[in-house]
Structures are given as C-alpha cells and as structure tokens.
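What you are looking at is a predicted structure, and each value in this text was computed from that prediction instead of being measured.
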Amino acid sequence: MKMTKEELIAKINAAVAKEFEVEESVLEPDAPIKETLELDSLSLVDFVALIESVCGIKIAGKEVLNIKTFEALYDYVYERLD
C-alpha cells in the first residue's frame with residue numbers, strides 16, 4: 001500500500017532534520033532546499049542519497065536541479081512511489 005503524502009512528508013522531514021541537524025520546523029513546503037539546509041554541491045549529493053535511501057527511489061541528476069523547494073521534492077518523490 002502506498003503511503004499517504006502526509007506520511008511521506010513526515011518521513012522525509014524526520015530524516016532530513018536528523019541528518020542535517022536542523023529543526024523540522026524550518027522544513028516549510030515553500031522553503032528553498034539548498035538555502036534552508038545550506039547545501040553546497042557535495043552536501044547536495046548527500047541530500048539526494050538520503051532521499052533515495054529513505055524513499056526507495058532514484059533521482060536523476062538533471063532532475064535534482066529542478067527540485068528547488070521542499071514541496072517540489074515531496075511532489076517528485078510521491079509521484080514515483082509504487
């Protein structure tokens with residue numbers, strides 16, 4: 001059974017908050033991912049690997065550049081869940 005979008009968001013936010021040592025409250029849907037987490041190109045790779053691992057999907061390199069906000073990330077991942 002596919003998880004709900006709310007469950008997916010909670011799962012992603014918990015993993016991201018733990019991994020990047022930020023409060024979940026800063027992970028607003030319209031917040032820019034790179035600025036919110038202060039990601040450079042190396043930590044962006046870690047971020048993508050974390051999302052892939054937590055959600056069991058693959059994110060194509062070019063597509064990462066189009067995922068600017070947490071909302072875009074949630075939508076992207078949710079559309080790819082089985």
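- Residues that satisfy the side-chain contact (heavy atoms from CB on, under 4.5 Å) test with A31, not counting sequence neighbours, are E28, T36, F70.
- Within 6.0 Å of NZ in K2 there are more than 12 heavy atoms belonging to other residues, nucleotides or ligands.
- Annotation: side-chain contact (heavy atoms from CB on, under 4.5 Å) contacts of A15 (sequence neighbours excluded): L50, V54.
- To the nearest 0.5 angstrom, C55 atom SG is 4.0 Å from I12 atom CD1.
- One finds the CD1 atom of I67 at 12.0 Å from the NZ atom of K34 (value rounded to the nearest 0.5 Å).
- Note: I51 CD1 to I33 CD1 = 7.5 Å, rounded to the nearest 0.5 Å.
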List the atom pairs, donor and acceptor, that lie under 3.5 Å between side-chain atoms in residues 71-80 and the rest of the protein, sequence neighbours left out.
residue, atom, partner, partner atom, Å
Y74, OH, N13, OD1, 2.6
Y74, OH, N13, ND2, 3.3
D75, OD1, K5, NZ, 2.1
Y76, OH, E63, OE1, 2.2
Y76, OH, R80, NE, 3.4
R80, NH1, Y76, O, 2.9

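- For E7, the CD atom is densely surrounded, since the number of other residues' heavy atoms within 6.0 Å is greater than 12.
- Under the 3.5 Å distance criterion, with hydrogens and angles disregarded, a donor-acceptor pair is assigned to the side chains of D40 and S43.
- Considering only residues two or more places apart in sequence or on other chains, S41 meets the side-chain contact (heavy atoms from CB on, under 4.5 Å) condition with none of them.
- Side-chain heavy atoms closer than 4.5 Å link hydrophobic residues (I, L, V, M, F, W, Y) into clusters, and following such links, possibly through other members, connects F47 to V26.
- Taking CD1 of I9 as the start and CG of L27 as the end, the distance is 11.0 Å to the nearest 0.5 Å.
- Clustering ILVMFWY residues whenever any of their side-chain heavy atoms sit less than 4.5 angstrom apart, transitively, puts V22 in a cluster other than the one holding V45.
- In this structure K58 satisfies the salt bridge (charged side-chain N to carboxylate O under 4.0 Å, His left out) test together with E52, sequence neighbours excluded.
- In terms of the side-chain contact (heavy atoms from CB on, under 4.5 Å) criterion, E21 has no residue partners (sequence neighbours excluded).
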